[in-house]
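Only a predicted model underlies this, so the values are computations on that prediction, with no experimental measurement involved. These numbers come from the heavy atoms of this one structure, side chains and all, not from hydrogens, waters or symmetry mates.
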There are 2 protein chains.
Amino acid sequence: MLRCLTVPNTSPATLVNERGIDEASSLTLQERKQQLVRTAIWDAATDLFAEKGYDETTIDDIAKRAGVSRRSFFRYFTSKSDLMAYGAIGYAGYLTEAIRACPAGCPLSEVFRRTVFQVAEQCAAHPRTRKIMEIAAKYPAAKEAQQSRTAELQERVEAAFARHVAGQNGEDLTPHVVTGLTLSVLAVIFRAWFEHGQQDISVTANQVLATLDRLVCHDKSQGRRTDD
Amino acid sequence: MLRCLTVPNTSPATLVNERGIDEASSLTLQERKQQLVRTAIWDAATDLFAEKGYDETTIDDIAKRAGVSRRSFFRYFTSKSDLMAYGAIGYAGYLTEAIRACPAGCPLSEVFRRTVFQVAEQCAAHPRTRKIMEIAAKYPAAKEAQQSRTAELQERVEAAFARHVAGQNGEDLTPHVVTGLTLSVLAVIFRAWFEHGQQDISVTANQVLATLDRLVCHDKSQGRRTDD
DNA sequence: AGTATATTGGCACTCAGTGCCATTGTCAAC
DNA sequence: GTTGACAATGGCACTGAGTGCCAATATACT
């Protein structure tokens with residue numbers, strides 16, 4: 001993964017916005033055209049996944065419907081997995097942005113809560129989120145592909161948290177723990193929100209965080225382990 | 001994934017033990033032979049991964065060194081990813097077993113703690129854990145492959161937790177939350193344990209759980225969200 | 001117009017993964 | 001010892017993924 005694509009200058013910021021046509025402020029014409037092709041491929045692919053299934057859709061199919069050559073497909077996405085993980089880049093952007101937005105003195109537990117709520121709402125508002133979740137729920141291989149960039153995501157989020165708590169010793173495990181917690185909590189929220197009504201995601205988020213509190217802060221008497 | 005392999009009767013319990021030669025109590029001769037081939041392939045593969053890299057190792061290489069045909073490789077493992085995820089089956093077994101071992105009245109927070117410690121120690125004692133972690137740390141594609149069965153793992157663990165808290169309404173999010181928490185905490189523990197000394201993993205586990213407590217149970221004044 | 005550069009498409013190649021069938025090995029019954 | 005049933009293996013051929021290379025085309029800049 002993470003191969004060098006020839007075509008796009010794919011700066012992460014470029015990929016955050018969806019349509020690539022309007023609101024193209026600081027983008028050159030070339031970049032906007034590339035973005036256009038990229039979303040064309042993505043739209044063609046997700047449509048086909050929904051129509052005839054994830055495994056059954058070949059890259060030839062996608063390229064044909066998107067109106068590009070097979071060879072060009074691989075210049076915009078490294079693989080079919082890469083397509084499903086497309087949203088992960090924007091997701092990582094939301095997360096790091098939300099963490100960075102917190103004031104310096106803000107306790108980490110509060111940074112965690114704010115990040116969870118803000119990112120949940122941002123993703124819930126995004127049309128791509130729903131489409132991807134539907135495909136992932138239907139086809140296990142698609143779900144696996146979607147999560148194929150977890151490592152990169154984790155690294156970026158960890159770096160953002162580490163930046164917030166800068167000034168501690170290097171051996172501190174805090175950034176790792178918050179990152180794991182944040183990502184797993186968000187995953188639970190998305191799943192519950194998607195499976196049930198998909199109404200207001202902040203309600204779901206509150207439920208999940210309340211459950212977490214009940215779980216961790218219940219009895220802390222047994223902080224050290226003794227064998228049974 | 002999860003294709004039907006022709007050869008092996010691969011019951012999950014069969015795969016938990018490592019060598020497959022000794023301590024073969026309730027296994028037929030055929031099953032033990034299959035297990036032998038399976039571990040031969042696995043050994044050959046991990047050796048090659050360590051020698052010449054994960055991506056550079058083809059399935060032909062693995063089959064040749066293991067002394068089986070290319071076609072037979074695919075009867076024991078569905079893919080190279082499947083090989084890296086081989087340990088996930090035993091891992092899931094450890095987790096469900098640890099959860100089930102807790103007495104019925106045990107509060108979930110305590111089940112969580114016990115499971116984390118027990119599974120961490122079991123995995124740390126297993127020779128395969130170290131080997132896999134070394135490869136995964138070195139090659140990103142291998143790490144990705146290793147996590148390719150997260151969905152199955154999650155389902156099994158969730159089911160085990162749900163069994164423990166049986167008697168609640170179906171809308172309860174608790175099993176989802178504990179599962180996410182358990183898996184992410186264990187991931188942090190393994191990583192920290194592997195990167196640092198790899199001494200006593202229960203020390204690492206205590207550090208991580210202490211960090212978690214500090215994080216979640218810090219100030220709970222802001223249980224409901226208000227926009228800034 | 002004319003040149004440098006970016007993008008694309010086509011071709012050929014390796015490797016992953018699968019279906020099909022012939023061969024071999026194993027075990028039991030006769 | 002032979003025969004027959006059945007599991008395991010190996011070989012072959014095929015589709016699809018992914019990549020390198022080069023020619024053709026489009027775009028930008030002078």
Revision key, fill the gap. Residues passing the side-chain contact (heavy atoms from CB on, under 4.5 Å) test with B/Phe190, sequence neighbours excluded, are B/Tyr91, B/Cys123, B/Met133, B/Leu186, B/Ile201
**Study point:** Value in whole Å for how far the P atom of C/dC15 lies from CD1 of B/Ile62
**Key:** 13 Å
Practice item. For B/Thr46, enumerate each residue passing the side-chain hydrogen bond (donor to acceptor under 3.5 Å, both in side chains) test, keeping only those at least two apart in sequence or located in another chain. Key: B/Lys131
Check your understanding: Does anything in residues 174-191 of chain B pair up under salt bridge (charged side-chain N to carboxylate O under 4.0 Å, His left out), and if so which pairs, sequence neighbours excluded?
Key -> A/Glu158-B/Arg191, B/Arg191-B/Glu195
Check your understanding: Atom CZ of A/Phe74 and atom P of D/dC21: how far apart are they, to the nearest Å?
Key -> 17 Å
**Study point:** d(CZ, A/Arg38; P, C/dT8) in whole Å
**Key:** 10 Å
Practice item. Using atom CZ of A/Arg32 as one end and atom C1' of C/dT7 as the other, report the distance to the nearest whole Å. Key: 17 Å
Point to revise | A/Ala162: partners by side-chain contact (heavy atoms from CB on, under 4.5 Å), with sequence neighbours left out | key: A/Pro175
Check your understanding: Rounded to whole angstrom units, what separation is found between the CG atom of B/Asp61 and the P atom of C/dT14?
Key -> 15 Å
**Study point:** A/Ala151: partners by side-chain contact (heavy atoms from CB on, under 4.5 Å), with sequence neighbours left out
**Key:** B/Lys143
Exercise for review: Looking only at side-chain atoms of B/Val68, point me to the closest of C/dG9, D/dG10, D/dA17.
Suggested key: D/dG10
Collect all protein-nucleotide pairs involving nucleotides 10-12 of chain C in which both atoms are nitrogen or oxygen and the distance is under 3.5 Å.
{"unit_1": "C/dG10", "atom_1": "O6", "unit_2": "A/Arg71", "atom_2": "NE", "d": "3.4"}

Review point. With a 6.0 Å cut-off on ring centres, are B/Tyr86 and B/Phe77 close enough?
Key: yes
**Study point:** Below 4.0 Å: OP1/OP2 of C/dT8 and any side-chain N or O of A/Tyr76
**Key:** yes
Revision key, fill the gap. note: A/Asp60, atom CG; D/dC14, atom C1'; distance rounded to Å ~ 15 Å
Point to revise | For B/Lys33, all residues meeting salt bridge (Lys or Arg N to Asp or Glu O under 4.0 Å), sequence neighbours excluded | key: none
Check your understanding: Under 4.0 Å: is that the gap between some side-chain N or O of B/Ser72 and OP1 or OP2 of D/dG10?
Key -> yes
Review point. Can you list every pair that meets salt bridge (charged side-chain N to carboxylate O under 4.0 Å, His left out) and has a residue in residues 86-99 of chain B, with sequence neighbours left out?
Key: none
Practice item. With a 4.0 Å heavy-atom cut-off, tell me which residues in residues 44-56 of chain A come close to DNA chain D, sorted by residue number. Key: none
Practice item. Nearest-nucleotide wise, let me know which of B/Val37 and A/Lys33 is further upstream toward the 5' end of DNA chain D. Key: B/Val37
Review point. Are A/Asp43 and A/Arg65 close enough for a salt bridge, meaning some N to O gap below 4.0 Å?
Key: no
